[in-house]
Amino acid sequence: MGKPTGFLEFHRELPANRTPSERVSDWEEIHVHVPTDTLKRQGARCMDCGTPYCHTGKLIGGMASGCPINNLIPDWNDLIFRGQWKEAAVRLHQTNNFPEFTGRVCPAPCEGSCTLGLNDDPVTIKSIECSIADHAFEEGWIVPDTPGTRTGKRVAVVGSGPAGLAAASQLNHAGHTVTVFERADRVGGLLMYGIPNMKLPKSMVERRVRLMANAGIRFVTGVEVGRDITAKSLLSDWDAVVLCCGAAQARDLAIEGRNLSGIHLAMEFLHANTKSLLDSSLADGAYISASGKSVVVIGGGDTGTDCVGTALRHRARNVTQLEILPKPPASRAPDNPWPQWPKVYKLDYGQEEAAALQGADPRAYSIQTKRFVGDESGQVREVHTIDIEWKKSPDGRMHIVELPGTERVFPAELVLLALGFVGPEKKGLVHELGLKLDERGNVVTDGEKMTSVAGVFAAGDMVRGQSLVVWAIHEGRKAARGVDRYLMYGQSYLP
Amino acid sequence: MSDAIWTAGEVPHVLFVGDESGCRDELTAALGAGWAIQPANDGIHAMDLLKHPNRPASIVVVLDLSMPVLEGFGFEKARRADSELSHIPVVLVTSHAADERVKKFGARAYVKRPIVVGDLAAVVRELGEG
Ligand SMILES: Cc1cc2nc3c(=O)[nH]c(=O)nc-3n(C[C@H](O)[C@H](O)[C@H](O)COP(=O)(O)OP(=O)(O)OC[C@H]3O[C@@H](n4cnc5c(N)ncnc54)[C@H](O)[C@@H]3O)c2cc1C
Ligand code: SF4
């Protein structure tokens, strides 16, 4: 355990972020490094409680409680307290292929179930994870994981998001020869073109991909399976196939005025921005600019927040974010006890920046968009909304009641739709292979992550629906184990 | 998929699993005409061969326990779990006959290292005929 009395002596300290006004003027990472002494104190706060929940990853009420990849959190908290960084990095990589990603973007369900959180602030697990990974890279301890022997089996992975990368990494480790196909021009899936640079620097995604390529994994970009090559050809040319194509089908808003110009899906906005940023530092102009505009972001989740942060960096005139759900409480509600994921109000980086620049959190809650109104040239000018209340029906379901007289009009020259995703794209590969889908439209897999087609496995958002990076890693690892057992006649040494 | 497949046709085969290349040629000579030897680099290659549709009817496996990729115990676990393959006789080549794991292994026959080729050929012939 850390220090027996650590949690009594030290308080929770998070890494200092750069100030909002400083960071909106660039695209660099919002966090700064945590000093080693601070980390040691934070590791010391871990009590190594008898039955730690932080690493369980159990689903309670549909949300993760504890780490979905079962990171050995109390182990590395103790190692950090004792200054054994290298051992901590080894222990961390046993369960997590990409701690430098989760240490930055994970919402940290581990912290929501930390025992210390019962009556104090939880251990800063995510920040410790991030620092262990960063330290290991700085010291040169992270080297290509090249397998000693090759099995002669060839595996194709389709999609290079965290699920595909985790599967590829594990399968390569087991000695299989892995090729990853990606339709975008860069590898990384939503790590590359979804989550913006200030939250996860793209140099870090590229660094990890380089290590994997040096370990023998082949990456083929600009190839869409199901269009540029048939999915069936993969079946005949490879010993197994792992599909990790994400849940890219965005939820749209089919209301009056949707066809006006200036209304875009969030992913069109975010993808083009990162691509232009990486290609030319935005000099090529090949992105949707929010500069000088009134921007309305519809959707209050992570994607919406990333749109807010990105629009502010374009120097938008102002940004408003509309959320259909009610404002969460400041502390846990009675029906949301520890160790459940805490459904409480949070000011994420984008909203914090908007608050600093505009004077207030940009979110309006319990609000529904009714229609878009444009000018004579067909350009959107206004978003018309109405406030709503959530009521319970007799059958226990929640439904929306509009509140007459609460109609509002928000000026808007750019509207970004961040309403979530409705599962994997059905045209192309899913259709061609005739994969069985569940009632939500996600790909069905068995306990080994094999789909309804023999030898074809699936993992990540394609199976779970829109989820988290940490779950994608969990899924990719699990699929790799399934593939390994399939190829090795039931034997697998993969964790 | 592994490229090497059964090429000698329907004659009794020794599936020689693991790296004993030195004695392969000697064994071919000792067994004489009517037998073919099919080498496999490791357990996974051997399983691929056993699952191949061209697999001949009569096979004796000569198995080295220490191999890369799918080692001997893993290969045997997989083979024995497969109802189509579990009847195939296996001769175990070992330097550790007294090892507990080897004792428990339950092969049809054991041959100690260094291999005396004449003895191995006799065992193979007996199992092949049985
Ligand atoms: C804007 C945004 C922000 C997010 N922020 C966070 C966050 O902060 N923290 C967090 O934990 N999660 C976040 N998420 C969720 C997280 O990014 C996803 O859950 C995760 O990336 C899913 O991983 P995946 O590997 O399943 O799929 P993806 O990351 O979606 O990758 C799928 C890849 O497959 C490729 N592909 C699809 N079809 C084909 C084909 N036919 N041929 C070849 N390639 C194909 C796609 O181009 C894509 O690169 C965010 C999501 C979005 C959209
Ligand atoms: S991956 Fe996420 S849940 Fe797991 S330890 Fe890291 S921050 Fe916590």
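As the structure is a prediction and not an experimental result, all values here were calculated from the model. Labels below follow one simple rule: chain letters A, B, ... track the order of the sequence lines, proteins then strands, and each chain is numbered from 1.
Using a cut-off of 4.0 Å between Lys/Arg side-chain N and Asp/Glu carboxylate O, B/D48 and A/K153 are scored as salt-bridged. Between A/R183 and A/E425, at least one side-chain N (NZ, or NE/NH1/NH2) sits under 4.0 Å from a carboxylate O, which counts as a salt bridge. A salt bridge is defined here as a Lys NZ or Arg NE, NH1 or NH2 lying under 4.0 Å from an Asp or Glu carboxylate O, and B/D82 with B/K51 meets this definition. With salt bridges taken as basic N to acidic carboxylate O contacts below 4.0 Å, one links B/E76 and B/R79.
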Give the intermediate values and the outcome of side-chain contact (heavy atoms from CB on, under 4.5 Å) for residues B/F75 and B/L63.
-> CA-CA 9 Å; B/F75 164 75; B/L63 177 67; 3.7 Å; yes
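Within a 6.0 Å sphere centred on CZ of B/R55, other residues, nucleotides and ligands contribute more than 12 heavy atoms.
For B/W6 and B/H52, the gap between ring centers reaches or exceeds 6.0 Å.
Looking at heavy atoms from C-beta onward, B/F16 lies out of side-chain contact with B/V60 at the 4.5 angstrom threshold. In this structure, the side chains of A/V469 and A/W471 stay at 4.5 Å or more apart for every pair of heavy atoms.
With sequence neighbours left out, the salt bridge (Lys or Arg N to Asp or Glu O under 4.0 Å) criterion links A/D185 to A/K275.
Panel note: side chain A/D239, backbone A/V155; no donor-acceptor pair is recorded below 3.5 Å.
Residue A/S160 holds its OG atom at 11.5 Å from CD1 of A/I217, rounded to the nearest 0.5 Å.
Within residues 90-98 of chain A, no residue has a heavy atom under 4.5 Å from a heavy atom of chain B. Contacts of residues 141-149 of chain A with chain B at a heavy-atom distance below 4.5 Å involve A/T149, listed in sequence order. Of residues 447-464 of chain A, not one residue has a non-hydrogen atom less than 4.5 Å from any non-hydrogen atom of chain B.
Of all the heavy atoms in B/L49 and B/P39, the pair that sits closest is CD1-O, 3.9 Å.
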